[in-house]
Amino acid sequence: MSNYLFCIRSIAIALSIMVLSACSDKQNEHVAIRFSHGLDTQHPVHKSLIYMNEVLQQISGGSMELIIYPSAQLGSEREVLELLQIGSLGMTKVSASSLEAFVPQMKVFSLPYLFNNHAHFWQTLNSEIGQQLLDAGTPYRVKGLGYFDAGSRSFYTTKRKVENPEQLNGLKIRVMNSQSAVDMVNTMGASATPVSWGELYTALQQGIVEGAENNPPSFYFSKHYEVSKYYLLDEHTAIPDVIVIGTHKWNSLTQQQQSWLTQAMQEAVVFQRTLWAEATTESLQKVKDAGVEVIVADKTSFQKSVEPIYQKLQGTKLEPLVNSIKALGEH
């Protein structure tokens, strides 16, 4: 009997050593995560991802890194989200609007004039509401890791100066492939026209669309100011960029590796917010220097023009979320 117990104990110890060795090997293996995004290498988002990679390599002792593919090398935002879902790609940066088709709750960010100011915006993102929205993609095989500032979106036009909603009437305005964006622009009186980001410069140049809407750095770095000479700062939406990882990749990481990636994400968020603020100020000055007329809008008329959107929300699943966000801004 004693020999039998000795053998059982020996086998158990051997199995424990094998399991521990396997865990140790996984902990020490080099992990390279492929990361795709659609922005230019001079964009503050790309620079912040480079910083995130540097932090990740440093805190992991060189055992983890991001391999970054900028400028939509691996496809559009929708395409790379699909690659994440099937496990062909590790991470990506997408607009919250692009996540709508995968995470319906993200539609809330496309609602115009939802936030009182930038402080209210970040208060929401840093709250339990913001975390719940990041986690909401898990059933769809995408996990949100954090938010990057994408500023406020405003209209720019090629031929006609716009100062109020009435002057949008009849204009073909490019929007993202988002039903919420289409509804907002149509409600304001323009004709919403989805066009991919990569094709927008040509579409503006050839008159396929007569305007678009985006934040100042994107307006500048895309060189859309070369063909759009009016920029109206109406700041209708504040839609964050979201850093997401495929759940297949996240679940393949050890707890330590997940912790390293989370820490690198947190540090990159702080870095990016500072970089974004600087880029916004610089971009507005650059487009002014290039001859763009920058108009500060009276937001009252624009806010009034989108009231029907909020009326349609009554009784929907999105209404409680909107009410919670508005309540945050009252404190």
Side-chain angles (χ1 to χ4, degrees), residues 95-97 107-125 129 149-176 178-193 209-219 224-225 228-240 276-277 280-281 283-285 287-288 292-314 316 318-331:
S95 168
S97 288
K107 290 179 181 179
V108 73
F109 289 117
S110 295
L111 292 172
Y113 304 107
L114 175 63
F115 302 103
N116 300 335
N117 47 44
H118 210 51
H120 180 205
F121 171 75
W122 275 104
Q123 182 186 14
T124 301
L125 296 190
I129 294 172
D149 198 344
S152 297
R153 299 177 74 91
S154 294
F155 290 110
Y156 50 94
T157 51
T158 54
K159 296 178 181 178
R160 185 194 302 178
K161 181 178 178 178
V162 172
E163 296 180 281
N164 55 61
E166 288 74 22
Q167 291 172 331
L168 284 170
N169 287 337
L171 287 181
K172 291 177 290 183
I173 300 294
R174 178 266 179 182
V175 295
M176 293 179 286
S178 155
Q179 188 58 49
S180 298
V182 170
D183 291 342
M184 179 195 69
V185 169
N186 285 342
T187 301
M188 286 182 171
S191 177
T193 308
V209 292
E210 298 156 293
E213 45 91 50
N214 216 316
N215 53 61
S218 293
F219 179 51
H224 292 170
Y225 66 89
S228 303
K229 292 304 179 183
Y230 303 100
Y231 190 60
L232 174 70
L233 287 176
D234 67 296
E235 300 179 320
H236 45 263
T237 52
I239 304 175
W276 185 265
T280 297
T281 301
S283 296
L284 283 173
Q285 188 58 53
V287 299
K288 287 179 182 178
V292 173
E293 182 177 353
V294 177
I295 307 131
V296 178
D298 177 359
K299 296 180 184 178
T300 305
S301 60
F302 286 93
Q303 290 169 329
K304 187 173 180 60
S305 74
V306 297
E307 286 178 357
I309 292 177
Y310 286 93
Q311 292 168 2
K312 291 178 182 178
L313 283 178
Q314 295 177 9
T316 67
L318 211 56
E319 185 182 20
L321 179 57
V322 170
N323 290 338
S324 296
I325 291 174
K326 287 185 174 181
L328 276 180
E330 295 171 357
H331 295 94

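Sequential numbering from 1 along the given sequence is applied to the chain's residues.
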Ignoring hydrogens and geometry, is there a side-chain-to-backbone donor-acceptor pair from [X] to [Y] under 3.5 Å?
X    : Y    : value
R153 : E213 : yes
H120 : G329 : yes
D234 : A297 : no

Trace of the side chain to side chain contact (heavy atoms under 4.5 Å, CB included) decision for S95 with M176
CA-CA 10 Å; S95 168; M176 293 179 286; 3.9 Å; yes
Taking atom [atom1] of [X] and atom [atom2] of [Y], what is their separation to the nearest 0.5 Å?
X    : Y    : atom1 : atom2 : result
L328 : T124 : CG    : OG1   : 5.0 Å
I325 : N116 : CD1   : CG    : 11.0 Å
N215 : E235 : CG    : CD    : 10.5 Å
Y225 : Y156 : OH    : OH    : 12.5 Å
L114 : F109 : CG    : CZ    : 8.5 Å
S97  : I239 : OG    : CD1   : 3.5 Å

Compare every heavy atom of [Y] with every heavy atom of [X], then report the nearest pair and how far apart it is.
X    : Y    : answer
N186 : A192 : OD1-N, 2.9 Å
S110 : T237 : O-CG2, 3.5 Å
A238 : F121 : O-CE1, 3.3 Å

Taking the side chain as every heavy atom from C-beta outward, state whether E319 and N323 have any atom pair closer than 4.5 Å.
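Contact flag for E319/N323 side chains = yes.
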Distance-only polar pair, side chains of S228 and T158, donor-acceptor under 3.5 Å
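There is no such pair between these side chains.
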Show every side-chain hydrogen bond (donor to acceptor under 3.5 Å, both in side chains) that has at least one partner inside residues 161-174, sequence neighbours left out.
K161-E293
Using the side-chain hydrogen bond (donor to acceptor under 3.5 Å, both in side chains) rule, collect all pairs that involve residues 300-313, keeping only residues at least two apart or in two chains.
D298-T300
Please assess D183 against S180 for the test side chain to side chain donor-acceptor pair (under 3.5 Å), listing each intermediate value before the final yes or no.
CA-CA 5 Å; D183 291 342; S180 298; 5.7 Å; no
Does the pair R160/E210 count as a salt bridge with the N-to-O cut at 4.0 Å?
no
Between H224 and N214, is a side chain to side chain donor-acceptor pair (under 3.5 Å) present by the stated rule, with each step listed?
CA-CA 10 Å; H224 292 170; N214 216 316; over 6 Å; no
Before we go on, tell me: are the rings of F302 and Y113 under 6.0 Å apart, centre to centre?
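No, ring centres 6.0 Å or more apart.
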Apply side chain to side chain contact (heavy atoms under 4.5 Å, CB included) to L233 and I295, showing your working.
CA-CA 6 Å; L233 287 176; I295 307 131; over 6 Å; no
Side chain to side chain contact (heavy atoms under 4.5 Å, CB included), that's the test. Do F219 and S283 meet it? Break it down for me.
CA-CA 8 Å; F219 179 51; S283 296; over 6 Å; no
Please assess L111 against L313 for the test side chain to side chain contact (heavy atoms under 4.5 Å, CB included), listing each intermediate value before the final yes or no.
CA-CA 10 Å; L111 292 172; L313 283 178; 3.7 Å; yes
